[in-house]
Amino acid sequence: MESSNLREGLDQATQLAEDGDFTQAVKYLHQLLAHDDTNIDALIQLAQCLAKLGRFDEATNALNKLAGIQPENVEAFNLLGHVLCESGQTDLAIDAFNRCLELNPGHVEAIRHLANLYRSRGDLKKTFQLLEKAHAHTPHHAGILFELAWAVFYLSGDTDRGANLFRQSLTLGNITPNSGSVALRSLSYASNVGIASVYKLHHKWAAQQADPLGHGIEFKSHNFNTNRPIRIGFLSADFIPHPVGRYALTLCHHFDTKRFELFLYSNRKESGLKAQFIKLASWRNVFGKEDDEVIEVIHEDKIDVLIDLSGHTASARPMLLAKRPAPIIAAVFAYPNTTGMKAVDYRISDPHSDPIGLTEALWTEQLERMPDAAWIYLPMLDFNITTPDAVVNLQADSLLELQPYQAQLPSSTGVPFTFGCLNDPLKTSRACVRLWAQVLKRLPNSRIILFQLNDDHGQLLRDQFCEDGAKRKQIDIRAKGDAVYYLKLHYEIDLMFDPFPYNGGITTCDSFWMGVPVLCMDGRSYVSRQGVMQNRCLKLEAFIANDNSEFIEKALQISSNPDLLKQLRENLREMLKRSPLMNYNDYANKFADMLQRWWAKRCDEEKQKS
């Protein structure tokens, strides 16, 4: 075949592949290779098309043949690594990527994928070495910067450095919308990012990625009538035995069905609480559906108010919200910062988390304050789920029967006075360690129990505490366990510390439920005022510190008052039950009144337009 005809044939094969007709492209390429079986371009294109069809063995054969012809063809080994990875042959994939890097040490894509392979195997040392190397070669490569940030943050637990790298990735402005959302999430944990910067970065991301999607959206055919039940939708990936699922289930259970029709949009493949939720609301599984498909479902359901329970948390759908799928959109509970998006009209809060005049400038949304608490607490239950759709048992069970007074104060049994923090290990910020180490330094016979992400993170925490003056023997690092282990661990703790800047939420209520008080810092934004809100709901003002010095002194004073701790251990659960955090009917009624105010206002606005 003449070179001109060969070139034309390759162009036709390329067009077929671009049109998605990989089967026809493969046939065309085989015909070309029958005339010239050493053609490099045809072999690479053949391997790519075969891989798209899932014919990995044939693709591997084509690339091995290519490597035999050109043993120094960098892209052949890079593509071979991808194909072998897709076919599950990770050992051979690692070999291929390493060969690619022997030929071109700065090949960013090979470094990136090799790092992910090592990460999947738990080899964090090689993962970091490769990502750091790739970042050094291409400091402005958004994808590499994002993956390095993710690894530093979520694998090593270095939240300050991780958040700084995420912040750099946001500043570059060329990462995907979803990657940007993940980057924003990290900012809540770091102790080196100011609250004004957190707001500005959320606002900037939304202005670039989300807000343009909502321009010009109107609801001309919507039924803006107040003389009918309001149709409420809840959107989340966490309608499961998770704090969000427990909150949503409790709220739905106490809604007045004469005033509202409820719909749930679940962004999870399977949900352990589906059987319980479908008794209370219409269930829609939107997992894997494109945003426009979900919006069509929401429109078909004629939703008046869509309540987002995700924000920028894992598996959130911020770009869906950006397209304004309902006349009113609100956010509550799960995410402790602004979404940054103009499409979200309201943020549900309370006067303790967002005092009037203090935090309005930190929200794109209009703040709507519940009288006492922005959310309610359902104690952790053993749902006894054996299959994803099993019937949920909400009756008292082994977890609820764990009584706080079954165990004495740990410090009264001969063990050191024990502080603790059983939150997500990522919340144990560098600022937390600096402060808590000063308490341990003042009480050299005390200890603290913390969770770790992994052994490397546990070692990092020990090193940080020692660097700040605590003794290594005072740092008791634990791996996370199941629910029973988690609750029973409260029996070993005398006083809990609330992490900051990202306070505990449900975890603090779990501590109250198990009879352990929580000492917190008074923060300047919602994310840092959840400890304040919960302590005030239980009238425990004495457990709120205004600054570091007061926190240390309060920790010392409380630790020397065993009578107070014993009294609280016996009474905190009942105090919690009587608090606004567990007054479900009152919360649901006030929540309903709030929704009706919103709807009446929205309907009035539509009337004025006409």
Side-chain angles (χ1 to χ4, degrees), residues 13-14 17-18 20-23 25-26 29-30 33 40-138 141-156 169 175-176 178-179 182 269 288 314-315 454 456:
T14 300
E18 289 177 354
D21 192 349
F22 301 111
T23 300
V26 166
L29 289 163
H30 275 309
L33 287 165
I40 302 303
D41 292 336
L43 284 168
I44 285 181
Q45 206 170 127
L46 176 64
Q48 291 172 332
C49 291
L50 288 168
K52 289 287 187 181
L53 293 168
R55 293 158 62 177
F56 299 118
D57 288 345
E58 294 174 70
T60 300
N61 290 337
L63 290 167
N64 282 330
K65 182 174 182 178
L66 171 56
I69 298 168
Q70 282 191 352
E72 295 188 357
N73 188 308
V74 175
E75 288 310 316
F77 287 102
N78 179 49
L79 182 55
L80 180 59
H82 283 280
V83 171
L84 290 167
C85 192
E86 287 293 324
S87 64
Q89 300 179 73
T90 54
D91 287 338
L92 293 175
I94 287 173
D95 291 342
F97 283 128
N98 276 322
R99 175 58 179 154
C100 177
L101 293 175
E102 287 175 11
L103 297 168
N104 180 4
H107 196 292
V108 172
E109 190 178 353
I111 294 173
R112 185 178 182 180
H113 285 90
L114 189 56
N116 285 330
L117 283 171
Y118 282 126
R119 184 179 74 187
S120 68
R121 294 184 164 200
D123 192 336
L124 301 187
K125 183 178 180 180
K126 286 185 178 178
T127 300
F128 284 111
Q129 286 175 342
L130 286 161
L131 290 174
E132 296 279 11
K133 179 180 178 181
H135 180 50
H137 274 286
T138 55
H141 189 292
I144 288 293
L145 182 56
F146 177 84
E147 290 195 22
L148 176 60
W150 193 96
V152 169
F153 194 94
Y154 289 103
L155 297 181
S156 75
S169 72
I175 59 174
T176 66
N178 285 334
S179 293
V182 172
K269 189 174 182 179
S315 301
N454 50 53
D456 289 343

### Query
Tell me, do W150 and R119 make a side-chain contact under 4.5 Å, heavy atoms counted?
yes

### Query
Within the distance-only criterion (no hydrogens, no angle test), does the side chain of T176 pair as donor or acceptor with the backbone N or O of S179 below 3.5 angstrom?
yes

### Task
Check step by step if salt bridge (Lys or Arg N to Asp or Glu O under 4.0 Å) holds for R99 and E102.
CA-CA 5 Å; R99 175 58 179 154; E102 287 175 11; 3.1 Å; yes

#### Entry: Beyond-backbone contact of L84 with F56, side-chain heavy atoms, under 4.5 angstrom
no

### Message
Looking at every non-hydrogen atom in both residues, tell me the closest pair between G81 and A93 and how far apart they are.
### Response
O-CB, 3.5 Å

## Note on the structure
In short, ring-ring contact (aromatic ring centres under 6.0 Å, His included) pairs touching residues 61-94 with sequence neighbours left out are H82-F97, H82-H113

### Message
As a quick check of understanding, evaluate side chain to side chain contact (heavy atoms under 4.5 Å, CB included) for L50 and D57, giving each step before the final call.
### Response
CA-CA 9 Å; L50 288 168; D57 288 345; over 6 Å; no

### Summary
Heavy-atom closest pair (N98 atom, L114 atom, distance to 0.1 Å) is OD1-CD2, 3.2 Å

### Query
Can you name the closest pair of heavy atoms from A110 and C100 and give their distance?
CB-SG, 3.7 Å

### Task
Report the distance from atom CG of L53 to atom CZ of F22, rounding to the nearest 0.5 Å.
7.0 Å

### Message
Please find the pair of heavy atoms, one from L79 and one from Q48, that lie closest to each other, and give the distance.
### Response
CD2-CG, 3.7 Å

### Query
Can you tell if the side chain of F146 reaches within under 4.5 Å of the side chain of V182, non-hydrogen atoms only?
yes

### Task
Report yes or no: do T90 and R121 form a side-chain donor-acceptor pair below 3.5 Å?
yes

### Task
Can you measure from CG (L101) to CG (L130) and round to the nearest 0.5 angstrom?
7.0 Å

#### Entry: Backbone N/O of V83 and side chain of S87: donor-acceptor pair under 3.5 Å
yes

## Note on the structure
Heavy-atom nearest pair, A151 first then L131, reads CB-CD1, 3.8 Å

### Task
Could you tell me whether a side-chain N or O of N73 sits under 3.5 Å from a main-chain N or O of L66, the two making a donor and an acceptor?
no

### Donor-acceptor under 3.5 Å (N78 side chain, V74 main chain)
no

### Query
Looking at A76 and L63, what are the two nearest heavy atoms and their distance?
O-CD2, 4.0 Å

### Message
How long is the straight-line distance from CG of L148 back to NE2 of H135, given to the nearest 0.5 Å?
### Response
6.0 Å

### Query
Would V26 and E58 satisfy side chain to side chain contact (heavy atoms under 4.5 Å, CB included), going step by step from the backbone distance to the final call?
CA-CA 11 Å; V26 166; E58 294 174 70; 5.9 Å; no

#### Entry: Derivation of the side chain to side chain contact (heavy atoms under 4.5 Å, CB included) call for T23 and D21
CA-CA 6 Å; T23 300; D21 192 349; 4.2 Å; yes

### Task
Please report the C-alpha distance between L29 and C49 in whole Å, then the side-chain angles of each, then the deciding distance to 0.1 Å, and finally whether the side chain to side chain contact (heavy atoms under 4.5 Å, CB included) criterion is met.
CA-CA 9 Å; L29 289 163; C49 291; 4.3 Å; yes

### Task
Might you confirm whether atom CD of E72 has over 12 heavy atoms from other residues, nucleotides or ligands at distances under 6.0 Å?
no

### Task
Given side chain to side chain donor-acceptor pair (under 3.5 Å), test E75 with H107 step by step and report yes or no.
CA-CA 9 Å; E75 288 310 316; H107 196 292; 2.8 Å; yes

### Message
For K52, I'd like to know if atom NZ has over 12 heavy atoms of other residues, nucleotides or ligands within 6.0 Å.
### Response
no

